[in-house]
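Reviewing the structure listed below.
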Amino acid sequence: MTEANVTAGSDRAAVVTLTGDVDYSNVRRVSHDLRSALPDSAVGVVVDLSGVEYLDSSGLHMLFELHRTLHGEHREVVLVVPESSPLRRLFKITGLDEVVGITTDTASALALVTPTEPAE
Amino acid sequence: MRERLGALLPVGSRLPPAHWVRRHRAVVVLLWLNAAAIAGVTVAHGFGLAHSLLEIGIVPLAAVVAMTAHSRRIASVAASIGLLSASAVLVHLSGGYIEVHFHFFVMVAVIALYQDWLPFLMAAAYVFVHHGLVGGLAPESVYNHPAAVANPWLWAGVHGGFVAGLSVVCLVTWRFSESMLDESHVARERAVREGQMFDRLSEVAKALAAEVELPRVMQKVIDAGTEMTAAAYGAFFVNVDDGMGGSYALHSLAGASDDDFAGFGMPRKTALFGPTFEGEGAVLVDDVLADPRYGQNPPHHGMPGGHPPVRSYLAVPVVAPDGTVLGGLFFGHPAVGVFTLDDERLATGIASHASVAVRNAYLHESENRAREVAERARARVSLLAEASRVLAASLELDVVLTRLAEVVVPELADTCMIYLVGDDGELRLVTGAAVPELLGGATRTTPRHPVAANPNGPVAAAVESGRSLLVEDITDEYLAAAVDDEAFLPMLRKVRPTSAVVVPLRGREGILGAVVPGTLASSGRRLGPDDLEFTEELAQRAAVAIDNAKVYATQRSAAEILQHSLLPDRLPEIPGVEAAARYQAGGVGLDVGGDWYDVFLLPDGAVGLVMGDTLGHGLTAATVMGQVRNALRALALEGYAPAEVLTRLDRMLEDAGPPDTMVTLVYCIFDPGSGVLRLANAGHPPPLVLGTGAEPEYLGEGLGIPLGTSTPSTYREVVTTLAPGASIVLYTDGLVEDRGVPLDHGLDRLRGVLGPEVVTPDQLCDVALARMLGGRVVEDDVAVLAMRYLPLGDAVRFSLPPSASVLKPLRSTLTRWLGQLGAQDDAVFDTAAACTEAVTNAVRHGCGPDERFEVSMEVDGGIVVRVVSPRPWRHPAGRPGGGRGLTVIRELMDEVDIVTGPDGVEVVMRRSLQGAPAPTAQ
């Protein structure tokens with residue numbers, strides 16, 4: 001069962017957790033759920049993929065698109081992927097790791113999406 | 001003169017033997033008395049013995065002859081001689097004493113008793129000769145007075161004259177006696193004759209009493225009459241009341257064959273026949289040709305040509321006790337003057353017996369008719385009751401129509417056609433039946449092509465007007481006008497309908513059609529007004545049954561449509577598992593059941609299996625089933641566990657379901673990746689798990705009560721792991737329940753029939769149905785669903801529809817396969833990822849709507865996965881993500897070949913089971 005849930009976050013960042021498999025059969029729904037889960041106020045989004053066993057090219061595409069959309073809104077996306085996850089190889093093959101930040105845990109991810117505001 | 005004298009004189013020798021013997025005996029006794037008297041006188045006179053013997057000798061001699069002679073004549077003559085001799089001897093002995101002469105007178109009178117001329121004349125002659133001769137020769141021996149002695153001849157004449165006088169007186173007496181005798185004789189003869197006549201009439205009466213059939217009665221009457229009157233011909237005409245206000249004439253003939261009279265009409269009330277038919281009395285004519293009444297009536301003026309020749313004619317009316325003339329007896333003879341008054345009396349006697357017999361025959365006939373009518377009525381009442389029963393016994397329109405036709409044929413009619421108004425308003429012949437012998441075989445002939453009724457024909461008219469119609473005589477013209485169907489008319493003409501009844505079938509909402517019983521020429525029977533009445537009664541019942549069948553058909557088909565729409569058209573194809581299902585509808589005439597099954601794929605790639613049974617039948621059950629099915633799917637897709645799904649369904653039914661619904665249900669989730677099966681059961685017969693190597697086992701008994709019982713309940717779940725190759729069989733109770741057999745027994749049987757040789761889900765379903773139901777159609781619906789966890793060998797091959805839903809289970813199965821092969825995690829992930837990309841392309845681009853693609857996996861050093869789709873991928877690289885798919889495939893596999901040809905695309909991917917993928921050429 002693939003689910004996208006907002007599980008934690010702060011005033012300025014949201015943590016969305018995906019579980020299960022993401023492939024062509026459910027990517028539209030997952031994508032919709034993911035975007036719905038994003039609060040408008042969040043300037044940064046952490047997508048926790050620790051519970052995702054498999055993600056196909058359409059899932060990759062979803063992540064690329066998420067990045068593109070949010071980037072246009074000056075919002076950051078950071079993925080949480082365990083070091084041992086085979087997804088890391090996919091991200092590497094497709095170059096996703098070059099456009100979005102990838103961390104191994106939520107805390108560092110949150111730190112990445114909410115850089116200290118320059119004091120003004 | 002001579003005749004006259006003959007008439008005056010007695011005939012003689014006519015004494016009846018008994019009388020004669022009695023008189024003769026008296027005479028003989030007298031003879032012996034005379035002999036004794038003579039002997040006495042002789043002794044008294046003192047004659048010598050010899051003289052005495054001589055004197056008396058002649059008398060006893062005569063007596064002996066008289067006693068012994070066989071002939072009446074000789075006996076009477078001997079006795080007469082003896083008597084007169086006694087007189088002569090006595091006169092002689094007395095010495096001519098005149099008073100002794102009186103003895104002569106007495107003896108002559110005695111001799112007259114014989115009433116026979118010979119002894120009588122002899123007696124007269126004896127006296128004359130004796131007196132004349134003896135008197136002349138020896139007068140003193142005859143007379144004792146001088147005057148006589150002096151003139152013996154004179155005195156002989158005197159004595160003779162007195163004897164003659166006596167003789168005359170005797171003759172007169174004799175004559176009277178004779179005529180008296182004659183008269184009594186005639187009377188006796190007459191009595192005898194009448195007695196015989198009476199006897200014969202009695203015999204006739206007795207013979208007639210034994211007959212009750214009118215034609216036989218008539219034949220016996222005329223046969224007896226013709227014989228008894230010694231007629232040459234006899235005819236008996238009877239006017240028969242047919243009991244229905246008409247009459248017809250019957251005749252029986254004797255002495256002539258029916259053919260002789262075939263050409264003649266019945267005798268009419270002519271001058272000659274009239275008195276007989278008017279019942280006026282007997283007509284006896286010695287010569288009919290000379291009778292003034294003969295030949296007066298046109299057209300024949302006498303006997304018609306060819307009539308047997310008749311001169312003597314005798315006719316008597318046959319009149320019933322109430323004076324009704326029933327008919328007449330006619331006798332004829334070609335000779336003149338044959339019939340006597342006795343014949344007339346005989347004929348009259350026979351006629352009176354005939355009237356009784358004919359009356360009896362009438363009574364018998366009418367009694368028979370009454371009994372027939374009563375029996376017919378009774379038979380019809382029971383036929384109607386039977387019809388009501390059989391018509392009500394079915395709700396299938398076809399069956400109702402067939403049974404209606406079967407009730408009519410052959411009891412009521414030879415054929416039966418049933419017309420119904422179709423949904424389009426057209427009246428068509430829908431069912432026909434006929435007595436098979438009359439049609440040469442076929443009992444029921446439902447027209448191959450519907451025959452539309454002639455809109456101007458009698459059936460359409462009856463349906464239009466609602467009025468029944470009886471056609472007692474169907475002519476060819478009528479038939480041609482009534483039936484306009486070009487194929488049907490010649491068929492009808494061939495079997496030649498003779499009569500028919502058309503009765504509209506009056507339903508609740510108008511006229512449904514018409515039932516048309518008919519008769520055919522070959523049977524000889526005809527339909528009448530009472531048949532019309534009966535058909536109307538029958539039609540009333542039939543219309544109710546047809547109405548019910550129609551309503552039922554509507555409801556049933558709605559329920560059927562609903563149920564069919566709820567059962568999966570075909571099961572989803574899920575790589576790694578194989579499933580099959582069967583649904584056998586219940587017996588004819590029963591409502592659609594509420595059984596259903598469902599197989600669906602859950603979002604996480606697991607398979608949902610459902611088997612349910614809604615209590616009850618028909619539309620309501622089908623509706624509940626639909627609600628439960630959809631609710632279950634919704635809950636399942638939400639990811640609820642089986643027990644949770646049941647608990648929620650129970651609550652839903654309680655809150656929103658129709659009242660008094662109860663559903664039994666098994667829901668399991670099977671994960672083809674891990675082989676884990678989770679099962680919950682709401683009062684349903686437990687599924688059977690088999691093919692595990694061990695004995696088949698029932699799983700999930702006693703996990704909960706049926707849904708909708710309004711009893712708050714918690715459903716538990718059982719979890720097991722199916723080994724590859726194992727199967728689970730779900731079913732409804734119809735499969736294992738049999739009347740009078742405990743459920744346990746059915747469960748044991750099911751376990752027994754599904755042996756290790758029964759492997760695939762198709763086999764499991766078919767064998768379960770065949771062996772458990774034995775080919776019979778059970779009353780209840782039966783559903784069976786089997787799923788097998790496919791064992792994976794070195795080579796696996798799937799042919800799949802282009803559905804994205806196959807992706808996850810395919811990946812699970814591939815993962816399972818690779819795990820079996822001992823592949824490392826990276827290799828498993830890489831292969832699954834590459835395969836998913838290739839299959840995604842095949843699903844998205846490689847297939848037309850009804851086409852399939854193939855996935856095969858085999859071991860070949862490493863492993864080889866092939867994905868073959870029938871169409872070229874359209875712009876795979878131009879699509880967002882599509883390009884990345886190919887990149888993923890190439891990067892993760894050791895070797896990739898993508899061959900695009902006119903027959904589609906074949907992707908061949910190789911991967912070693914260990915380590916990272918070898919760098920591939922881009």
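All chains are named by letter (A, B, ...) in the order of the sequence lines, taking the proteins before the strands, and each is independently numbered beginning at 1. Quick note: numbers below take in every heavy atom, side chains included, and nothing from hydrogens, waters or symmetry partners.
- When all heavy atoms of A:R29 and B:P603 are compared, the pair lying nearest together is NH2-CB, 4.3 Å.
- Closest heavy-atom contact between B:A804 and A:Y24: CB-CD2, 3.8 Å.
- Proximity to chain B among residues 84-93 of chain A is limited to A:P86, A:L87, A:R89, A:L90, A:I93, judged by heavy-atom separations below 4.5 angstrom.
- From A:N26, atom CG reaches atom NZ of B:K808 across 9.0 Å, with rounding to the nearest 0.5 Å.
- A distance of 10.0 Å separates CG of B:L807 from CG of A:D21, quoted to the nearest 0.5 Å.
- Atom CG of B:N630 has more than 12 heavy atoms from other residues, nucleotides or ligands within 6.0 Å.
- Rounded to the nearest 0.5 Å, atoms CD (B:E837) and CG (A:D23) are 9.0 Å apart.
- Rounding to the nearest 0.5 Å places OG of A:S57 at 8.0 Å from CD1 of B:I889.
- Contact of B:A606 with chain A is not made at all, since no heavy-atom distance falls under 4.5 Å.
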